[in-house]
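Following: one structure in structure tokens, then a few remarks.
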Amino acid sequence: MVFGREHLSQYNHAKSPWFQVAINGKVDIGIEIGNEQKVGLSSEGMFTLVNEWLDSSHSLTKAQKAILLEKLEK
């Protein structure tokens with residue numbers, strides 16, 4: 001999937017950032033479509049990323065939090 005402008009910070013310099021979530025939970029993140037250089041995260045790496053982000057001063061709405069909680073309860 002390709003990130004839209006609304007997904008990127010003002011500091012983004014990647015030409016066409018993308019991500020792919022595999023069925024086994026591994027995640028690849030790239031800076032440009034067609035460029036094979038990427039960051040690959042294991043399920044543990046993805047957990048660490050999300051956990052650290054949730055510990056930061058994120059600004060999720062109540063609706064967004066409800067969606068995440070619903071998915072975690074499955």
Side-chain angles (χ1 to χ4, degrees):
M1 294 186 67
V2 177
F3 286 108
R5 282 283 161 217
E6 70 277 9
H7 299 128
L8 304 171
S9 76
Q10 64 184 10
Y11 304 107
N12 173 63
H13 297 292
K15 291 183 180 181
S16 54
W18 59 270
F19 68 95
Q20 178 180 6
V21 180
I23 196 164
N24 62 2
K26 293 181 180 179
V27 177
D28 290 336
I29 304 169
I31 60 170
E32 183 177 11
I33 296 172
N35 184 334
E36 293 188 24
Q37 291 183 326
K38 63 186 177 188
V39 173
L41 297 173
S42 65
S43 294
E44 184 66 27
M46 195 64 206
F47 170 79
T48 300
L49 177 65
V50 171
N51 190 50
E52 288 294 319
W53 180 70
L54 289 171
D55 282 343
S56 75
S57 57
H58 61 79
S59 56
L60 293 175
T61 65
K62 287 184 179 184
Q64 290 170 321
K65 290 176 184 178
I67 289 168
L68 292 177
L69 286 171
E70 183 179 311
K71 289 182 182 246
L72 287 171
E73 290 175 352
K74 289 183 180 181

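Everything numeric here is computed off the predicted structure, so don't read it as measured data.
Side-chain contact between L68 and L60: present, with at least one pair of heavy atoms (C-beta onward) separated by less than 4.5 Å. Side-chain contact check for H13 versus I31: every heavy-atom pair is 4.5 Å or farther apart. Annotation: side chain of W18 is not in contact with side chain of E32 (no heavy-atom distance under 4.5 Å). Between L8 and P17 there is a side-chain heavy-atom pair separated by less than 4.5 Å.
Following chains of ILVMFWY side-chain contacts shorter than 4.5 Å, one cannot reach V39 starting from F47, and the two form parts of different hydrophobic clusters. At a threshold of 4.5 Å between side-chain heavy atoms, the hydrophobic network of Ile, Leu, Val, Met, Phe, Trp and Tyr places M1 and V50 in one connected group.
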**Message:** For a side chain to side chain contact (heavy atoms under 4.5 Å, CB included) check, start with the C-alpha distance between N12 and R5, then their side-chain angles and the critical distance, and finish with the verdict.
**Reply:** CA-CA 9 Å; N12 173 63; R5 282 283 161 217; 3.7 Å; yes
**Message:** If you apply the rule side chain to side chain contact (heavy atoms under 4.5 Å, CB included), what do you find for F19 with V2, and how did you get there?
**Reply:** CA-CA 6 Å; F19 68 95; V2 177; over 6 Å; no
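Remark: of the listed residues K65, E70, K71, K71 is the sole one forming a side-chain contact (heavy atoms from CB on, under 4.5 Å) with I67.
A 6.0 Å sphere centred on CD of E6 holds more than 12 heavy atoms belonging to other residues, nucleotides or ligands.
In this structure, the separation between CD on E73 and CG on L69 is 6.0 Å, given to the nearest 0.5 Å. E44 CD to L49 CG: the interatomic distance, rounded to the nearest 0.5 Å, is 12.0 Å.
Between S42 and K26, the shortest heavy-atom contact is CA-CG, 4.2 Å. Residues G40 and D28 come closest through the heavy atom pair CA-OD1, 3.5 Å.
Without hydrogens or angle criteria, Q64 side chain to T61 main chain gives a donor-acceptor distance under 3.5 Å.
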